[in-house]
*Asks:* 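Below you'll find the structure I mean.
By convention here, the first residue in the shown sequence is residue 1.
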Amino acid sequence: MSETMNIEDYLAQGGVLTSPGNAPPRYRGELMRLMSSFVDSELAASAGFAASINYAPGIRERIAASRITLEKADHAERVLNVMQTFGTDVERYQRQHDWAARVARDADLGTTRHGADMRLSVFHYPFTGWTDAVVMNVLQGLAAGIQFEEFTRVSYGPLAEVFRDIEPRERRHAELGLEGLERIVADPEGRADALASIAYWRPRVAATFGHAGSARYDTLARFGLRHEPNEVLLTRWEQRLEECLAALEL
């Protein structure tokens with residue numbers, strides 16, 4: 001107990017762990033939960049964008065959707081490799097869920113998880129077409145940018161290093177979405193469709209930040225796995241989204 005408490009004190013003061021053998025049981029559990037949520041979300045996102053490739057109106061758009069599909073699967077694999085060092089059977093893990101499964105379009109999951117996997121709730125909803133996929137990519141891409149500000153500072157060194165390698169490509173995914181959205185809203189019909197999709201996806205992406213005043217936040221912050229509470233991250237995302245929409249005159 002004394003050794004465990006000393007490690008927790010070390011983490012609370014900004015310490016970094018570098019191997020599974022140094023991780024106390026509760027820290028290990030929270031770290032695995034964080035990694036599982038990321039992996040499952042990336043695999044579900046990859047499956048969703050794979051389906052959107054055939055919605056693409058042109059070659060440039062098909063290439064963008066294909067790139068996002070490929071790289072999100074690659075990001076999942078990189079974090080799965082870290083999970084493997086904790087004993088995860090990675091072959092079994094990636095086969096155990098239907099990553100393309102979606103709920104009904106009019107479902108409202110809120111902040112709750114759905115089904116057996118750990119994906120964020122937003123990745124349970126289906127796309128209705130190209131504009132819808134682009135809008136979701138933009139809104140969720142901005143959210144991912146906020147979340148990576150946390151991910152790249154996690155106290156488990158090997159995972160933080162992976163996240164730092166992944167972050168520029170995730171940022172590029174959001175940029176590709178913005179480029180596509182700019183082309184869409186240049187057309188009045190496309191603008192109307194985009195506004196409808198923004199209204200649909202905005203509350204669903206906001207829900208991925210979780211509840212304000214989360215009881216788990218204190219534990220995660222003590223372990224160095226979180227640094228800013230949900231409500232701060234949500235407010236930052238809303239500000240960035242408003243700036244983005246204003247630039248597009250939306």
*Asks:* May I have the step-by-step check of side chain to side chain contact (heavy atoms under 4.5 Å, CB included) for His211 and Glu231, ending in yes or no?
*Replies:* CA-CA 7 Å; His211 295 289; Glu231 54 269 30; over 6 Å; no

*Asks:* Decide yes or no on side chain to side chain contact (heavy atoms under 4.5 Å, CB included) for Val122 and Met136, but give the supporting numbers first.
*Replies:* CA-CA 9 Å; Val122 72; Met136 186 274 188; 4.1 Å; yes

*Asks:* Is any NZ, NE, NH1 or NH2 atom of the basic residue among Arg236 and Glu149 found under 4.0 Å from an Asp or Glu carboxylate oxygen of the other?
*Replies:* yes

*Asks:* Consider side chain to side chain contact (heavy atoms under 4.5 Å, CB included). Of Thr208, Leu142, Thr152, which one does Gln147 pass it with?
*Replies:*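 Only one of Thr208, Leu142, Thr152 forms a side chain to side chain contact (heavy atoms under 4.5 Å, CB included) with Gln147, namely Thr208.
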
*Asks:* Are the side chain of Ser121 and the backbone N or O of Gly110 linked by a donor-acceptor pair below 3.5 Å?
*Replies:*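 Checking the backbone N and O of Gly110 against the side chain of Ser121, a donor-acceptor pair under 3.5 Å is found.
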
*Asks:* Is it true that Asp132 and Trp201 share a donor-acceptor pair across their side chains at a distance under 3.5 Å?
*Replies:* yes

*Asks:* Rounded to the nearest 0.5 Å, what separation is found between the CD1 atom of Ile198 and the CG atom of Leu241?
*Replies:*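 Rounded to the nearest 0.5 Å, the CD1-CG separation comes out at 7.5 Å.
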
*Asks:* Using a strict cut-off of less than 4.0 Å between a Lys/Arg side-chain nitrogen and an Asp/Glu carboxylate oxygen, indicate whether Lys72 and Glu170 qualify as a salt bridge.
*Replies:*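 Yes, charged N to carboxylate O under 4.0 Å.
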
*Asks:* Just so I know, are the side chains of Leu17 and Tyr10 near enough to count as touching, which here means a heavy-atom distance under 4.5 Å?
*Replies:*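 With C-beta onward as the side chain, the pair touches.
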
*Asks:* Counting only N and O atoms by type, is there a donor-acceptor contact under 3.5 Å from the side chain of Ser46 to the main-chain atoms of Thr69?
*Replies:*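 Yes.
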
*Asks:* Within the 4.5 Å heavy-atom criterion, are His114 and Arg119 side-chain neighbours or not?
*Replies:* no

*Asks:* CD1/Ile68 to CG/Leu176 distance, rounded to the nearest 0.5 angstrom?
*Replies:* 5.5 Å

*Asks:* Closest approach of Pro203 and Ala199, non-hydrogen atoms and distance?
*Replies:*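 What the structure gives for the nearest pair is CD-O, 3.3 Å.
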
*Asks:* Could you grab the distance from atom CG of Leu220 to atom CG of Leu11, nearest 0.5 Å is fine?
*Replies:* 12.0 Å

*Asks:* Kindly compute the distance separating OG1 (Thr219) from CG (Leu225), expressed to the nearest 0.5 Å.
*Replies:* 10.0 Å

*Asks:* Do Arg28 and Arg33 have side chains that approach each other closer than 4.5 Å (heavy atoms only, starting at C-beta)?
*Replies:* no

*Asks:* Does the gap between the ring centers of Phe148 and Phe163 come in under 6.0 Å?
*Replies:*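 Yes - the distance between ring centres of Phe148 and Phe163 falls below the 6.0 Å cut-off.
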
*Asks:* Do Asn230 and Leu234 have side chains that get closer than 4.5 Å, going by heavy atoms?
*Replies:*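 Not touching, per the 4.5 Å side-chain cut-off.
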
*Asks:* Is the terminal nitrogen or CZ of Arg105 (NZ for Lys, CZ for Arg) located under 6.0 angstrom from the six-membered ring centre of Tyr200 and within 45° of that ring's axis?
*Replies:* yes

*Asks:* Same cluster or not: are Leu120 and Leu159 linked, directly or through other Ile, Leu, Val, Met, Phe, Trp or Tyr residues, by side-chain heavy atoms under 4.5 angstrom apart?
*Replies:*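 No, no single cluster joins them.
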
*Asks:* Test Glu77 against Gln94 for side chain to side chain contact (heavy atoms under 4.5 Å, CB included), laying out the working first.
*Replies:* CA-CA 9 Å; Glu77 183 179 45; Gln94 51 195 296; over 6 Å; no

*Asks:* Closest approach of Cys244 and Leu178, non-hydrogen atoms and distance?
*Replies:* SG-CD2, 3.1 Å

*Asks:* Under 3.5 Å, is there a donor-acceptor pair between the side chain of Arg102 and the main chain of Trp99?
*Replies:* yes

*Asks:* If I compare all heavy atoms of Ser41 with all of Ser37, which pair ends up nearest, and what's the gap?
*Replies:* OG-O, 2.8 Å

*Asks:* May I ask you to decide if Arg216's main-chain N or O and Ser214's side chain share a donor-acceptor pair within less than 3.5 Å?
*Replies:*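 Pair found, side chain donor or acceptor close to backbone of Arg216.
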
*Asks:* Taking atom CZ of Arg169 as the centre, does the number of heavy atoms from other residues, nucleotides or ligands within less than 6.0 Å exceed 12?
*Replies:* yes

*Asks:* Assess whether a salt bridge exists between Arg78 and Glu71, defined as any Lys/Arg side-chain N lying under 4.0 Å from an Asp/Glu carboxylate O.
*Replies:*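 Looking at Glu71 together with Arg78, the answer is no, because their closest N to O distance does not fall below 4.0 Å.
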
*Asks:* Could you tell me whether the side chain of Ile146 reaches within less than 4.5 Å of the side chain of Phe209, counting heavy atoms only?
*Replies:* yes

*Asks:* Does a salt bridge link Arg222 with Asp218, judged by any charged N lying under 4.0 Å from a carboxylate O?
*Replies:*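 Looking at Asp218 together with Arg222, the answer is no, because their closest N to O distance does not fall below 4.0 Å.
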
*Asks:* Which heavy atom of Ala65 sits nearest a heavy atom of Ile53, and at what distance?
*Replies:* CB-CG1, 3.8 Å

*Asks:* Report the C-alpha distance between Ile184 and Trp130 in whole Å, list the side-chain angles of each, state the deciding distance to 0.1 Å, and finish with yes or no for side chain to side chain contact (heavy atoms under 4.5 Å, CB included).
*Replies:* CA-CA 10 Å; Ile184 288 168; Trp130 180 249; 4.1 Å; yes

*Asks:* Between Thr85 (side chain only) and Val82 (backbone N and O only), is there a donor and an acceptor less than 3.5 Å apart?
*Replies:*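 The answer is yes, because a donor-acceptor pair under 3.5 Å joins these two groups.
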
*Asks:* For Tyr156 and Phe86: C-alpha separation, side-chain torsions, deciding distance, then whether ring pair (Phe, Tyr, Trp, His ring centres under 6.0 Å) applies.
*Replies:* CA-CA 12 Å; Tyr156 189 65; Phe86 285 85; 5.3 Å; yes

*Asks:* Does any non-hydrogen side-chain atom of Val154 lie less than 4.5 Å from one of Val16?
*Replies:* no

*Asks:* Centre of Tyr125's six-membered ring, under 6.0 Å away, within 45 degrees of the axis: is that where NZ or CZ of Arg204 sits?
*Replies:* yes

*Asks:* Mind checking whether Val103 and Phe123 sit in one hydrophobic cluster, side chains of I, L, V, M, F, W, Y counted as touching below 4.5 Å?
*Replies:* yes

*Asks:* Are the side chain of Glu150 and the backbone N or O of His227 linked by a donor-acceptor pair below 3.5 Å?
*Replies:* yes

*Asks:* Taking atom types as modelled, is there a side-chain donor on Ser155 or Tyr27 under 3.5 Å from an acceptor on the other?
*Replies:* yes

*Asks:* Could you measure the distance from the CE atom of Met35 to the CZ atom of Phe151? Nearest 0.5 Å is fine.
*Replies:* 12.0 Å

*Asks:* Using the rule that Ile, Leu, Val, Met, Phe, Trp and Tyr join whenever any side-chain heavy atoms are under 4.5 Å apart, tell me whether Met118 and Val90 fall into a single cluster.
*Replies:*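 No; tracing contacts between hydrophobic side chains, which count when under 4.5 Å, never links both residues.
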
*Asks:* What pair of heavy atoms forms the shortest contact from Leu181 to Val134, and how long is it?
*Replies:* N-CG1, 3.6 Å

*Asks:* Just wondering, are more than 12 heavy atoms of other shown residues or ligands nearer than 6.0 Å to CD in Glu161?
*Replies:* no

*Asks:* Scan for salt bridge (Lys or Arg N to Asp or Glu O under 4.0 Å) pairs involving residues 183-202, sequence neighbours excluded, and state none if there are none.
*Replies:* Glu61-Arg183, Arg202-Glu242

*Asks:* Tell me, do Trp237 and Val205 make a side-chain contact under 4.5 Å, heavy atoms counted?
*Replies:* yes

*Asks:* Considering all heavy atoms of both residues, which atom of Tyr93 and which atom of Met83 are nearest to each other, and what is their separation?
*Replies:* CE1-CE, 3.8 Å

*Asks:* Distance check, rounded to the nearest 0.5 Å: Phe223 atom CZ versus Ile7 atom CD1?
*Replies:* 10.5 Å

*Asks:* Which class fits the ring pair His75 and His173: parallel under 30°, tilted 30 to 60°, perpendicular over 60°?
*Replies:* parallel

*Asks:* Treat each ILVMFWY residue as a node, draw an edge where side-chain heavy atoms are under 4.5 Å apart, and state whether Leu43 and Val162 are in one component.
*Replies:*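 Yes, same cluster.
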
*Asks:* Does the side chain of Phe49 come within less than 4.5 Å of Asn137's, by heavy atoms?
*Replies:*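 Yes, close enough: below the 4.5 Å cut-off.
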
